[in-house]
Amino acid sequence: MDQCVCVERELEKVLHKFLMYGQHCDRSLEELLHYVSGLRQELSNTGHLDLQLSATLSLVMSQCCKKIKDTVQKLALDHKDIHASVSKVGKAIDRNFDTDVSGVGVEGVWDLHEKQQFLSEVVVGHLYRQGLLSVAEELCQESGICIDLCQKKPFLELNRILEALRLRDLRPALEWTMSNRQRLLALNSTLEFKLHRLYFISLLTGGIVNQTEALGYAKNFQPFAQQHQRDIQVLMGSLVYLRHGIANSPYLHLLDSTQWADICDIFTRDACALLGLSVESPLSVSFSAGCLALPVLLNIKAVIEQRQCTGIWSQKDELPVEIELGKKCWYHSVFACPILRQQATESNPPMKLICGHVISRDALNKLINGGKLKCPYCPMEQAPSDAKQIYF
């Protein structure tokens, strides 16, 4: 983090210089234009533009040319100083960040053609999620991979609806939610109600002329009356202020523009849930995790090399220390046996006893005595075969 702060500090200096240079440049050129315009006006007032200039006017013209030249040279010199500041940013990046990360990577991981194809498929999937369809198609052609149309279609529809939402067009999203209503209800989704709510608010912004249409549209709230009663009451109460405008009423909060960004996030989340996809692409998640883990790994590598402990980290598929990536990267529960203090694995899974307590299979086998198993946390006894494996 300190390295980022150092680079950011240098970058702020450059941005400040750019700002000051721009203001100084505008001011200098404005003064120069004013000076030249005044001189031109003075020459035109003499009425002898076609005659030979007097010695005094020739001197004034020479001074004008010199002033223009000096101003341009001064601006060019200041611009050159900015280039020096920009180069300092590059040097700060080189000084604070290690460009060689090969020491913490696995050699030859992408050598096989199958793995290269797999990486290309992950990148293509990310591009489809981002709506960069033409770029994804170009990558498919260059890498020689073939993506089935049935895999592309959900992303095409998702991006079409998201683009409409960004343009504040709710109709495609409403059509999609109504066609998938039962599946969304199974997920306890509030997407359809919030879309209807946002459409109703858009009618309110039209003022009194939309009153009849808004009242008619309110019938769409009927299926959600029990769950969203309070929200519906607020929406219907706002109709009283249509004549004076919602912006001049106690219901001003209904016009909050952040609702449009929120509805895009909610739609993306629920649509991905129906498609069996994560909200974020695997590529973006992996990249974010790598950005958090890489500085720690580079520090570990430097310490190992400094202390000449080369044998400590010989297996690249296992990290030498635990790296905290934050709750955003928690995707499943991890069970640690309370008896053996070991993390559960496929060969040593968590087992649920009939009393409800959970221990690992290795702990269960160690606690068997005379064909019986006594729970280490309560007096309950059971047969070992009664324990059931748990899947997180």
Side-chain angles (χ1 to χ4, degrees), residues 128-131 133 153-281 284 326-328 330-331:
Y128 278 134
R129 283 171 174 262
Q130 299 300 313
L133 307 180
K153 190 175 180 180
F155 294 113
L156 296 174
E157 185 178 22
L158 189 147
N159 282 288
R160 178 181 63 83
I161 297 173
L162 278 176
E163 186 62 31
L165 287 175
R166 294 187 186 104
L167 297 174
R168 303 199 172 188
D169 181 4
L170 296 167
R171 287 170 296 179
L174 282 169
E175 292 172 1
W176 183 88
T177 53
M178 285 187 282
S179 62
N180 293 278
R181 176 176 292 176
Q182 296 304 319
R183 297 173 65 194
L184 288 170
L185 289 175
L187 296 173
N188 294 322
S189 171
T190 60
L191 175 61
E192 185 176 356
F193 169 74
K194 290 185 176 180
L195 286 170
H196 284 304
R197 176 181 179 274
L198 205 51
Y199 191 88
F200 186 84
I201 292 172
S202 67
L203 291 175
L204 296 180
T205 57
I208 194 68
V209 295
N210 289 339
Q211 184 177 23
T212 304
E213 186 179 357
L215 284 170
Y217 192 81
K219 68 178 185 296
N220 291 292
F221 295 135
Q222 185 176 357
F224 314 101
Q226 185 175 0
Q227 188 176 1
H228 301 280
Q229 180 179 358
R230 177 58 184 163
D231 290 330
I232 295 172
Q233 287 174 346
V234 170
L235 292 172
M236 300 310 295
S238 65
L239 291 170
V240 178
Y241 294 89
L242 274 186
R243 188 175 299 278
H244 303 287
I246 300 299
N248 303 315
S249 74
Y251 297 92
L252 176 62
H253 66 278
L254 294 177
L255 305 181
D256 189 357
S257 59
T258 59
Q259 297 178 105
W260 291 97
D262 293 341
I263 202 68
C264 288
D265 293 338
I266 295 170
F267 172 77
T268 302
R269 183 195 65 201
D270 290 354
C272 288
L274 289 188
L275 294 172
L277 301 171
S278 59
V279 176
E280 296 186 56
S281 74
S284 62
K327 290 186 177 181
K328 189 178 179 181
W330 290 5
Y331 292 99

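Residue pairs that meet the salt bridge (charged side-chain N to carboxylate O under 4.0 Å, His left out) test with at least one member in residues 192-203, sequence neighbours left out, are Arg181-Glu192.
Scored by the salt bridge (charged side-chain N to carboxylate O under 4.0 Å, His left out) test, Glu163 finds Arg166 as partners (sequence neighbours excluded). Considering only residues two or more places apart in sequence or on other chains, Arg160 meets the salt bridge (charged side-chain N to carboxylate O under 4.0 Å, His left out) condition with none of them.
When all heavy atoms of Leu158 and Ala271 are compared, the closest pair comes out as CD1-CB, 3.8 Å. Here the shortest heavy-atom pairing between Leu162 and Cys264 reads CD2-O, 3.8 Å. Pairing each heavy atom of Phe224 with each of Ile232, the nearest pair is O-CD1, 3.8 Å. In terms of heavy-atom proximity, Leu239 sits nearest to Ala214 at CD2-CB, 4.1 Å. Pairing each heavy atom of Tyr251 with each of Val234, the nearest pair is CE2-O, 3.3 Å. The nearest pair of heavy atoms linking Ser238 to Phe200 is OG-CE2, 4.4 Å.
Interatomic distance, CG of Leu195 versus CG of Asn220, reported as 11.5 Å (0.5 Å rounding). Atom CG of Leu185 and atom CD of Gln182 lie 5.5 Å apart (nearest 0.5 Å). Taken to the nearest 0.5 Å, the CG atom of Leu156 stands 11.0 Å off from the CD1 atom of Ile161. Atom CD in Glu280 sits 10.0 Å away from atom SG in Cys272 (nearest 0.5 Å). Considering OG of Ser202 and CG of Asn210, their distance stands at 8.5 Å, rounded to 0.5 Å.
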**Request:** Evaluate the criterion side-chain contact (heavy atoms from CB on, under 4.5 Å) for residue pair Leu235 and His196; output intermediate values, then yes/no.
**Result:** CA-CA 11 Å; Leu235 292 172; His196 284 304; over 6 Å; no
**Verdict with supporting geometry, Leu170 and Leu165, side-chain contact (heavy atoms from CB on, under 4.5 Å)** = CA-CA 6 Å; Leu170 296 167; Leu165 287 175; 3.7 Å; yes
**Leu255 and Ile201: CA distance, side-chain angles, deciding distance, side-chain contact (heavy atoms from CB on, under 4.5 Å) verdict** = CA-CA 7 Å; Leu255 305 181; Ile201 292 172; 4.1 Å; yes
**Message:** Gln259 vs Ile263, test: side-chain contact (heavy atoms from CB on, under 4.5 Å). Steps then yes/no.
**Reply:** CA-CA 6 Å; Gln259 297 178 105; Ile263 202 68; over 6 Å; no
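In this structure, the side chains of His228 and Phe221 stay at 4.5 Å or more apart for every pair of heavy atoms.
Between Asn180 and the options Leu191, Leu187, Asp270, Leu274, a side chain to side chain contact (heavy atoms under 4.5 Å, CB included) holds for only Leu274.
Counting only distance, with no hydrogens or angles, the side chain of Asn248 and the backbone of Gly245 share no donor-acceptor pair below 3.5 Å. Asn159 contributes a side-chain N or O that, together with a main-chain N or O of Tyr128, makes up a donor-acceptor pair within less than 3.5 Å.
Surrounding CD of Gln227 are at most 12 heavy atoms belonging to other residues, nucleotides or ligands under 6.0 Å away.
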